[in-house]
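All heavy atoms count here, side chains included; hydrogens, waters and symmetry mates do not. Note that ligands are numbered from 1 as they come in the structure, with each ligand's atoms numbered from 1 the same way. Nothing fancy with the numbering, it's 1 onward along the sequence. Keep in mind the model is a prediction, meaning the values are calculated, not measured.
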Amino acid sequence: MRLIAGTTGPGSIDRPDAVSVAGRALSSEALLGAALAVAGDVRGATAVAVDATPSLETVVAVLGGLLAGAAVVPVPADAGPAEREHILRDSGAQIVLGPGGTPVDVTRRSSAGHPAPAPGDAALIMYTSGTTGAPKGVVHTHASVEAGVDAVAEAWDWTPDDRLVHGLPLFHVHGLVLGVLGALRAGSPLVHTGKPQPERYAAAGGTLYFGVPTVWSRICAQPAAARALARARLLVSGSAALPVPVFERLHALTGHRPVERYGMTETLITISSRADGPRRAGHVGVPVQGVRTRLTADDGSEVPADGTTIGELWVQGPMLLRGYVHQPADLADGWFRTGDIARKDPDGWHRIVGRASTDLIKSGGYRIGAGEVEDALLAHPAVREAAVIGTPHADLGEAVTAYVVVSAGVAERELEDFVARHLSIHKRPRVVHLVDALPRNAMGKVQKKRLGSPML
Ligand code: MCA
Ligand code: AMP
């Protein structure tokens with residue numbers, strides 16, 4: 001992978017500010033030297049885990065693993081012991097870099113080269129929640145990552161003249177693949193703000209900004225910060241639906257109609273509006289280069305692109321996953337079934353209108369499986385039954401909401417903290433309802449649609 005466009009290509013230039021994270025910066029030459037030092041340490045490992053804190057160390061460790069030809073496994077910075085152990089065991093990572101393993105020293109330098117990995121070699125294993133069970137490891141190759149970042153660079157006219165700003169977590173596609181590898185491959189400096197706080201975005205002076213809808217909505221709530229973004233070239237939103245009022249408020253405050261794009265950990269970004277085209281509130285745009293989409297009805301037939309008929313979205317393209325760690329992906333003729341419900345306009349514009357399953361929750365842009373949170377709650381000695389759903393939340397889009405039957409006196413807060421300690425903190429329920437019983441059908445299955453009704 002031509003990782004650091006400015007330093008590894010012919011006629012390369014050293015950029016003094018190639019990457020800065022939470023106020024600490026490395027030039028492109030220093031970044032490459034530090035990453036090559038890590039690559040020398042991990043050479044021969046097939047999978048290297050990185051404790052992905054928002055730090056320069058994470059950027060250096062990820063690059064080092066990639067340069068060494070290992071599959072890099074980002075571990076959520078806030079993962080509790082159960083989740084962390086699952087990721088390390090399931091991925092087969094032989095080495096852990098970062099705070100919970102071998103420390104990364106960003107001041108080291110090496111110039112020793114490494115053989116370039118083959119395009120089909122695993123580059124990243126990213127863990128993401130399914131409806132039930134523990135998170136699954138999604139395997140992306142060097143070829144799928146390159147295709148994924150090149151496609152958005154083309155759609156967004158992303159060039160070395162840009163300066164990318166974001167403060168998203170470095171263990172998911174948004175912050176890591178687009179937000180770090182995308183910037184390095186485009187050759188544009190990256191300013192990672194540590195946290196995605198409005199005042200930090202405002203002070204960073206970028207041309208290109210990434211955020212999840214919660215971040216954009218918090219920026220709109222601070223008009224002075226929002227107005228500072230008027231000087232940018234492009235604001236990009238993704239990971240969850242950008243509410244139309246936030247789109248409009250952002251437009252009013254910054255003068256920019258944000259680009260919205262759609263993707264998944266499994267598929268990277270497949271649909272986006274374009275830098276050189278219109279942006280429509282409530283729409284995620286058109287397929288990026290190399291991508292085809294189709295919408296299907298329950299019987300599998302394709303539904304018309306008439307702007308009103310809804311169907312399940314399938315995508316096909318060069319940026320799709322190679323498979324999961326222990327199972328192949330279900331890619332019939334290269335098509336991936338997203339589980340998202342969409343509408344397509346006659347001119348090819350897509351709108352995401354919901355998800356097929358209520359058991360996948362999007363909160364603050366994080367994908368959270370209801371089953372995983374239920375399992376965590378059931379591990380508490382006082383919990384007899386648990387059902388978890390997403391409920392509308394003004395700031396987070398959806399809030400993780402738990403209905404729990406307990407056998408002994410236990411405070412709601414204790415259950416929230418219990419989940420936060422066992423899984424990633426962001427997976428904790430924001431609301432816990434203690435109830436006498438869960439609504440069940442004749443088969444004994446919990447009727448989630450009835451949760452929240454007054455009888456409970
Ligand atoms: C609160 N905290 C706790 C507890 N409660 N700590 C321990 N136990 C508790 N019970 C602390 C946390 O440690 C944290 O502290 C602080 O409270 C707030 O945590 P949290 O609630 O998670 O933060 P938030 O402010 O609500 O976060 C909002 C956010 C965040 C910043 C928007 O949700 C976020 O970063 N979202 C981005 C998700 C993302 O990148 N998704 C992309 C997936 P402290 O702050 O001190 O640490 S990839 C994807 O979706 C596809 C491919 C795509 O299309 O992009
Ligand atoms: P993740 O696995 O965290 O990558 O989450 C992927 C899911 O996020 C998709 O299946 C969608 O449900 C949702 N998503 C991502 N981008 C958008 C968007 N722009 N609009 C609506 N939903 C989105």
Side-chain angles (χ1 to χ4, degrees), residues 52-54 74 76-80 126-130 135-136 138 140 148 152 166-179 182 193-198 200-201 210-219 236-243 247 258-273 282-285 312-313 315 319 321 336-342 350-357 360-369 390 393 395-400 412-430 432:
T53 53
D78 64 346
M126 284 173 290
Y127 279 78
T128 190
S129 300
K136 287 192 289 187
V138 173
H140 274 284
V152 293
H166 74 90
L168 298 166
L170 296 182
F171 45 85
H172 282 314
V173 165
H174 199 161
L176 181 63
V177 178
L178 310 184
T193 56
K195 289 184 179 186
Q197 288 168 344
R200 295 191 192 180
Y201 273 42
F210 291 170
V212 296
T214 301
V215 169
W216 292 121
S217 144
R218 290 179 184 183
I219 285 172
V236 183
S237 180
S239 301
L242 183 68
F247 180 107
V259 158
E260 196 173 357
R261 94 294 177 290
Y262 161 87
M264 290 185 80
T265 305
E266 288 89 338
T267 66
L268 307 185
I269 304 312
T270 49
I271 303 176
S272 181
S273 52
H283 291 69
V284 292
E312 184 167 353
L313 175 65
V315 296
M319 59 289 285
L321 76 169
F336 181 85
R337 185 177 185 176
T338 65
D340 288 305
I341 308 298
H350 292 64
R351 268 182 287 175
I352 308 294
V353 298
R355 278 202 68 83
S357 168
L360 279 185
I361 300 163
K362 266 271 156 166
S363 186
Y366 285 116
R367 172 164 140 190
I368 300 166
H393 190 279
D395 179 44
L396 298 168
E398 284 185 300
V400 176
E412 289 89 338
R413 181 61 202 259
E414 184 184 330
L415 296 177
E416 293 165 21
D417 292 345
F418 185 79
V419 176
R421 278 200 305 278
H422 283 75
L423 305 177
S424 296
I425 290 166
H426 61 262
K427 294 181 180 171
R428 72 189 186 280
R430 307 276 173 149
V432 173

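Take I341 and apply the side-chain contact (heavy atoms from CB on, under 4.5 Å) test, not counting sequence neighbours, and it matches I310, E312, V353, A356.
Listed by number with element, the atoms of ligand 1 under 4.0 Å from a non-hydrogen atom of K195 are 44 (P), 45 (O), 46 (O). Atom numbering of ligand 1 starts at 1 in the shown order; those under 4.0 Å from a heavy atom of T214 are 32 (C). Near P196, with a cut-off below 4.0 Å to any heavy atom, the atoms of ligand 1 are 31 (C). For ligand 1, the atoms sitting less than 4.0 Å from at least one non-hydrogen atom of K362 are 49 (C), 50 (O), numbered in the order shown with element in parentheses. Near A420, with a cut-off below 4.0 Å to any heavy atom, the atoms of ligand 1 are 8 (N), 9 (C), 10 (N). Shown in contact with M264 at under 4.0 Å from a heavy atom are these atoms of ligand 1, numbered in order with element: 52 (C). Close contacts of ligand 1 with H174, meaning ligand atoms under 4.0 Å from a residue heavy atom, involve 42 (C), 48 (S), 55 (O).
Distances from ligand 1 to the non-hydrogen atoms of R367 include no value under 4.0 Å. Ligand 1 does not have R421 within reach: every non-hydrogen atom of the residue lies 4.0 Å or more from it. Heavy atoms of P169 approach ligand 1 to within less than 4.0 angstrom.
Aromatic ring pairs are classed by plane angle as parallel below 30°, tilted from 30° to 60° and perpendicular above 60°; the pair Y366 and H426 is parallel.
Checked against a 3.5 angstrom limit, the closest N/O atoms of T265 and ligand 1 fall outside it.
The immediate protein surroundings of ligand 2, defined as residues with any heavy atom under 4.0 Å of it, consist of T128, S239, A240, A241, E260, R261, Y262, G263, M264, T265, V284, D340, I352, R355, K362, R367.
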